[in-house]
Amino acid sequence: MPRAKLSVRPAGAALAIAVVLAGCASKEVDPTANWSPNRIYEEARDEANSASYDKAIALFEKLEGRAAGTVLAQQAQLEKAYAQYKNGDKAQAIATLDRFMKLHPTSEAIDYALYLKGLVNFNDNLGFLSSITQQDLSERDQKAAKESFEAFRELVQRFPNSKYAADAAARMRYIINSLAQYEVHVARYYLQRGAYVAAVNRAQAAIADYRDAPANEEALYILVRAYDALGLAELRDDAKRVLDKNFPNSAYLSQGFKGKDGPWWKLW
């Protein structure tokens, strides 16, 4: 019976062919290779407008390299940061904005970069969430709120005539009110558990650090109650006089703590 003849190639040749084939298989074709920077930018914008933020971010990053040193590259950085923000990548968005401000300190868009940095840490879904959980920003982590405030404050101080300044100032007031209310939440917690000295300390912190905040009315009422419980009649009466002067006919003195019947903090 005739035997089939097998073709045997040298091992070195077979290995070389395998390496070439593997290289061909792994090499990806860049569809943007022949695109102009303007076309990359338009495609990235289209992806962002369609909420395809991952694709938009990749295109903006490609544009940064292709158009390095141009105004278009700066625009790509800013729009990449916005896409990262909308994609939920807050840390990456902040890093992109910090890098932009470091590399382009004299850019005409610094005010926008600061505004966007404030927005990244600002809880703009607060109204929706509070309607479900009856929990406002003052009962959440305060770190992001403080970082948001600092970005907005720098914007307002450095660029008072910026088109973003008015909204930034309104958001600053919101954050201040929230931080003050946070201190009052803690003070009320201590008061209701009989930790009167701790309640006094937190209420005083709210009044000292966040002047003119609406939460100071409750902070003063907590001082009245805590001093009374501690038997400090003179301090109690002083706190009541301040409460009467700043919040005439305060409902706290007749009704006690208010229920959560509405979002005191909503500014827009």
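Keep in mind that this is a model prediction, so the values were computed, not measured.
Residue R211 qualifies as open at atom CZ: its count of foreign heavy atoms under 6.0 Å is 12 or below. Remark: N34 CG is loosely packed, at most 12 non-hydrogen atoms of other residues, nucleotides or ligands lying under 6.0 Å away.
Partners of D30 under the salt bridge (charged side-chain N to carboxylate O under 4.0 Å, His left out) rule, at least two apart in sequence or in another chain, are K62, R66. In this structure, the salt bridge (charged side-chain N to carboxylate O under 4.0 Å, His left out) partners of E64, at least two apart in sequence or on a different chain, are K80, R99. Checked against side chain to side chain donor-acceptor pair (under 3.5 Å), D209 has no partners two or more places apart in sequence or in another chain. Residues that satisfy the salt bridge (charged side-chain N to carboxylate O under 4.0 Å, His left out) test with E42, not counting sequence neighbours, are absent from this structure.
With respect to D244 and K240, a salt bridge is recorded, a charged nitrogen being found less than 4.0 Å from a carboxylate O. With respect to the salt-bridge test (charged N to carboxylate O, under 4.0 angstrom), the residues K146 and E150 do not qualify. Using a 4.0 Å cut-off between charged side-chain N and carboxylate O, D167 and R171 make a salt bridge.
With a 4.5 Å cut-off on side-chain heavy atoms, R236 and L223 do not count as touching. Y41 has its side chain within reach of F60: a pair of non-hydrogen atoms, C-beta onward, lies under 4.5 Å apart. Looking at M101 and L114, their side chains come closer than 4.5 Å, going by heavy atoms from C-beta outward. Side-chain contact between Y53 and E47 is absent, with no heavy atoms from C-beta onward closer than 4.5 Å.
Ring geometry, F152 versus Y115: the interplanar angle falls from 30° to 60°, so the pair is classed tilted. Ring geometry for Y82 against Y85 counts as perpendicular: the plane angle is over 60°, on a 0 to 90° scale with 30° as the lower cut.
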> Does the salt bridge (charged side-chain N to carboxylate O under 4.0 Å, His left out) test come out yes or no for K163 and D111, once each step is laid out?
Replying inline: CA-CA 9 Å; K163 63 181 180 180; D111 61 335; over 6 Å; no
> When you look at N121 and S148, which way does the side-chain hydrogen bond (donor to acceptor under 3.5 Å, both in side chains) test go after all the steps?
Replying inline: CA-CA 5 Å; N121 284 314; S148 178; over 6 Å; no
>> Is there a side chain to side chain contact (heavy atoms under 4.5 Å, CB included) between L243 and L253? Walk through the geometry before answering.
In response: CA-CA 9 Å; L243 177 59; L253 292 175; 3.8 Å; yes
>> For a side-chain hydrogen bond (donor to acceptor under 3.5 Å, both in side chains) check, start with the C-alpha distance between Y252 and E217, then their side-chain angles and the critical distance, and finish with the verdict.
In response: CA-CA 8 Å; Y252 279 105; E217 179 182 2; 5.6 Å; no
>> Between R241 and D237, does the side chain to side chain contact (heavy atoms under 4.5 Å, CB included) criterion hold? Intermediate values first, please.
In response: CA-CA 6 Å; R241 278 193 293 272; D237 293 342; 4.0 Å; yes
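Counting Ile, Leu, Val, Met, Phe, Trp and Tyr side chains that sit under 4.5 Å apart, directly or through other members, V71 stands alone, with no cluster partners.
Put simply, the side chain of S50 gets close to the backbone of D46: a donor and an acceptor are under 3.5 Å apart. Between the side chain of R193 and the main chain of Y189, a donor-acceptor pair closer than 3.5 Å is present. No donor-acceptor distance shorter than 3.5 angstrom exists from the side chain of D228 to the backbone of V224, with no hydrogens or angles considered. A donor-acceptor contact shorter than 3.5 Å links the side chain of S36 to the backbone of R39. Formation of a donor-acceptor pair under 3.5 Å by the S254 side chain with backbone atoms of A251 is found in this model. At least one donor-acceptor pair under 3.5 Å links the side chain of T70 to the backbone N or O of A67.
When every heavy atom of A48 is checked against every heavy atom of A56, the shortest pair comes out as N-CB, 3.7 Å. Counting all heavy atoms, side chain and backbone alike, A168 lies closest to L155 at CB-CD2, 3.6 Å. Contact between L179 and A145 at its shortest, heavy atoms only, is CD2-CB, 4.3 Å.
There is a side-chain donor-acceptor pair under 3.5 Å between N87 and D54. Side-chain atoms of Q84 and T96 include a donor-acceptor pair closer than 3.5 Å.
Atoms CD1 and CD, from I110 and E154 in turn, are 8.5 Å apart once rounded to the nearest 0.5 Å. With rounding to the nearest 0.5 angstrom, the CZ atom of F149 is 11.5 Å from the OG atom of S178. R173 CZ to I175 CD1: the interatomic distance, rounded to the nearest 0.5 Å, is 11.5 Å. Here Q181 contributes atom CD and N177 contributes atom CG; the two are 8.5 Å apart, rounded to the nearest 0.5 Å. How far CD of E79 is from CG of L63: 9.5 Å, rounded to the nearest 0.5 Å. To the nearest 0.5 Å, atom OH of residue Y112 and atom OG of residue S107 are 12.0 Å apart.
Aromatic rings from Y196 and Y190 are positioned such that their centres are separated by 6.0 Å or more.
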In residues 197-207, what donor-acceptor pairs under 3.5 Å come from side-chain atoms, sequence neighbours left out?
| from | atom 1 | to | atom 2 | distance (Å) |
| --- | --- | --- | --- | --- |
| N201 | ND2 | V197 | O | 3.4 |
| R202 | NE | E183 | OE1 | 2.7 |
| R202 | NH2 | E183 | OE1 | 3.1 |
| Q204 | NE2 | Y227 | OH | 2.9 |

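Hydrophobic clustering keeps L59 apart from L78 (ILVMFWY residues linked when any side-chain heavy atoms are closer than 4.5 Å, directly or through intermediates). The cluster map of Ile, Leu, Val, Met, Phe, Trp and Tyr, joined by side-chain heavy atoms under 4.5 Å apart, puts V156 and L97 in the same cluster. The hydrophobic cluster containing L116 does not contain I57, counting ILVMFWY residues as joined when their side-chain heavy atoms lie under 4.5 angstrom apart, directly or transitively.
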